[in-house]
Each structure stands twice: as structure tokens, then as C-alpha cells.
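For reference, the structure discussed in these notes is given below.
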Amino acid sequence: MKRSLPFLLLFSLASLCSNAQEKFRKHTYLKVNPTTIISALDIYLEQDLTEKLSLELGISGIYTDYPDYVFLRRVDIGQKKPGLSTEQLVEGRGLGFRAGMKWYIFRPQAATNARGTYFEPVLFFKKIFYPKEDVALNGQTYQNSGDKNVYGIQLLLGRQIKKEKFVIDPYLGVGVRSKVYRYTNFSANGGGVNEDHSELVNVLPSVHLGIKIGLSL
């Protein structure tokens, strides 16, 4: 009986560990962000890594740079402005990529309750191409052109809620981003034409408030 006692203790410990592991199961979540639909379609894939950590990757299909048009043309806080027309800004097209690591500060086990309150640092990059714009100078046609790279980091605090397969993920946070505009403009200079290649860099703080909704796969 004394010899069997250690084996019983080891068996009990193994059973407890097995039950603890069964409480947490890794899931994958597919989500979209309806709060950005005015300018882009944002799709996210989140993968559980541990009980406290998950990796979230996102891709954006950008079909207009209208928010930047509003910021540059309607909101004047003394920021530098690139030599792009309203039409170019509104009709900008591009792609965005982001990666974030979620740390769940509080994560209850009940499936119908919140999956947890989390903190998430996010790195992102966007590339936007502006359409070429014809300009007639001295009897000839030239094309103004431009593009933009956006680099940034976000620090988000959110609470992901799961009920059966449905997921809702409201969040808020702050960040900083760098916008790098490159553009070429043509202008008349007496009997000649000037070709101006320029680069403009704006580094700005940002505030984020939104919601992601989706399904558990």
C-alpha cells in the first residue's frame, strides 16, 4: 500500500493537469471591421496561442483615401499638405497589412461570456497609389502622379465577447503614424514646363475607436 501511494499521487496530478488543459481549447476567429467600411474592407484572422496570448493578422483592401482628404482639406491644424488634388485623394487605391499580439488580462472560461479584456500592440503598413491626372501645358499633356506609404503602431485596449460562434470585439486606443507622400507635379514656367519631384513626411498621433465582428471557425 505504501508503494502504491506515490503512483496514486502521480495519477491524480496527471488527471488534474489533463482536466486543466481540457478547459482551454485553441480557436481561430475570422472578423471584419465595419467601422472602416467608408474607405476600406478590413479582414482579420485571430489565432489562439495560449490561454493568455493570441496572434491577430489583418489585411485591408483600400478603395478610397477619403479620410485623408477630409484631414488635409477640411481639418487645418497647420499640417504640411502634399501636392495632390481632391480627385487623386478620393480615388486612391491600395493595400494595408497589420499584425498584433493580444494579451488577455482577464479571460473567463464560460463560452457565452466575454473571452476577455485584452491589451494589444499593433504594427501596420499601408501603401496607396493615386491615379495619374492629366494637365495641359503649352499645348502638351503631362501627368501628375503620386503615392503614399503609411507606417504606424497602435496600442489598443479591448474586450472580446463570444457567444456560441459569434464574436464581437470593441476596442479603443492611441497610436502614432508616419505618412510618406511622394508625388510629381508639372507646372508652366513662361515658355517651359517645370517637373517637380517632391517627398513629404507627416508624423502624427492617432486615436482609435472601433469594433470588429466575426465568427469562430
Side-chain angles (χ1 to χ4, degrees), residues 31-45 56-100 120-156 171-213:
K31 295 177 282 186
V32 296
N33 191 338
T35 57
T36 62
I37 200 69
I38 188 174
S39 61
L41 176 61
D42 288 340
I43 300 174
Y44 299 83
L45 190 68
E56 187 174 65
L57 302 176
I59 185 170
S60 302
I62 302 166
Y63 40 80
T64 177
D65 203 15
Y66 181 77
D68 213 25
Y69 155 74
V70 173
F71 177 72
L72 292 170
R73 298 289 188 266
R74 303 297 184 186
V75 181
D76 191 351
I77 57 174
Q79 72 272 31
K80 297 177 181 178
K81 299 178 182 180
L84 297 165
S85 70
T86 295
E87 289 75 15
Q88 285 176 299
L89 289 169
V90 172
E91 295 183 13
R93 305 286 188 271
L95 285 173
F97 304 93
R98 66 186 65 226
E120 180 184 20
V122 180
L123 296 175
F124 68 90
F125 169 75
K126 295 180 182 180
K127 178 73 174 185
I128 297 177
F129 298 94
Y130 299 109
K132 294 181 178 179
E133 189 172 70
D134 291 341
V135 55
L137 300 169
N138 298 335
Q140 296 188 27
T141 300
Y142 300 86
Q143 288 187 325
N144 295 337
S145 60
D147 61 61
K148 179 178 71 172
N149 292 335
V150 184
Y151 310 86
I153 183 170
Q154 299 171 349
L155 301 175
L156 306 179
Y171 64 88
L172 57 85
V174 296
V176 63
R177 64 183 62 197
S178 174
K179 299 180 180 181
V180 183
Y181 301 88
R182 296 185 180 91
Y183 51 95
T184 300
N185 287 337
F186 294 88
S187 59
N189 181 17
V193 174
N194 287 338
E195 183 177 353
D196 179 26
H197 298 278
S198 299
E199 180 176 288
L200 173 64
V201 179
N202 279 333
V203 179
L204 301 163
S206 56
V207 178
H208 306 278
L209 177 64
I211 189 170
K212 290 172 274 189
I213 57 175

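No experiment lies behind these values; they were computed from the predicted model shown. Heads up: numbering here begins at 1 and tracks the sequence.
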(request) Write down the atom of Asp68, the atom of Leu89, and the distance for their closest heavy-atom approach. (result) OD2-CD2, 4.5 Å
(request) Calculate, to the nearest 0.5 Å, the distance between atoms OH and CG belonging to Tyr44 and Leu57 respectively. (result) 11.5 Å
(request) Measure the CG-CG distance between Asn33 and Leu41 for me, rounded to the nearest 0.5 Å. (result) 9.5 Å
(message) Salt bridge or not between Lys212 and Glu56? Use side-chain N to carboxylate O under 4.0 Å.
(response) yes
(request) Show the numbers, then the answer: is there a side-chain contact (heavy atoms from CB on, under 4.5 Å) between Arg177 and Phe124? (result) CA-CA 9 Å; Arg177 64 183 62 197; Phe124 68 90; 3.9 Å; yes
(request) Compare every heavy atom of Gln88 with every heavy atom of Pro131, then report the nearest pair and how far apart it is. (result) O-NE2, 3.1 Å
(request) State, with a plain yes or no, whether a side-chain heavy atom of Pro34 is found less than 4.5 Å away from one of Ile211. (result) yes
(message) Quick one: does any side-chain atom of Ser39 pair with a main-chain N or O of Thr64 as donor and acceptor, under 3.5 Å?
(response) no
(request) State the CG-NZ distance between Leu72 and Lys80, to the nearest 0.5 angstrom. (result) 13.5 Å
(message) I need the Tyr63 OH to Ile38 CD1 distance, nearest 0.5 Å.
(response) 8.5 Å
(request) Tell me, with the steps shown, if Arg182 and His197 meet side-chain contact (heavy atoms from CB on, under 4.5 Å). (result) CA-CA 8 Å; Arg182 296 185 180 91; His197 298 278; over 6 Å; no
(request) Might you point out which heavy atoms bring Ser178 and Val201 nearest each other, and give the distance in Å? (result) OG-CG1, 3.8 Å
(message) For Glu91, is there any backbone N or O sitting under 3.5 Å from a side-chain donor or acceptor partner on Arg93?
(response) yes
(request) Output the distance between atom CZ (Phe186) and atom OG (Ser145), rounded to the nearest 0.5 Å. (result) 7.0 Å
(message) Quick one about Asp65 and Tyr130 (side-chain donor to acceptor, distance below 3.5 Å, no hydrogens or angles considered), yes or no?
(response) yes
(message) If the test is side chain to side chain contact (heavy atoms under 4.5 Å, CB included), which one of Asn149, Asp147, Ile128, Asn202 qualifies with Tyr181?
(response) Asn202
(message) Quick one, Leu84 and Tyr69 - any side-chain contact, counting heavy atoms below 4.5 Å?
(response) no
(message) Measuring from atom NZ of Lys31 to atom CD1 of Ile213, what distance do you get when rounded to the nearest 0.5 angstrom?
(response) 11.0 Å
(message) How about NZ on Lys132, more than 12 heavy atoms from neighbouring residues, nucleotides or ligands closer than 6.0 Å, or not?
(response) no
(request) Test Gln143 against every option in Thr184, Asp134, Asn185 by the side-chain hydrogen bond (donor to acceptor under 3.5 Å, both in side chains) rule and name the one that passes. (result) Asp134
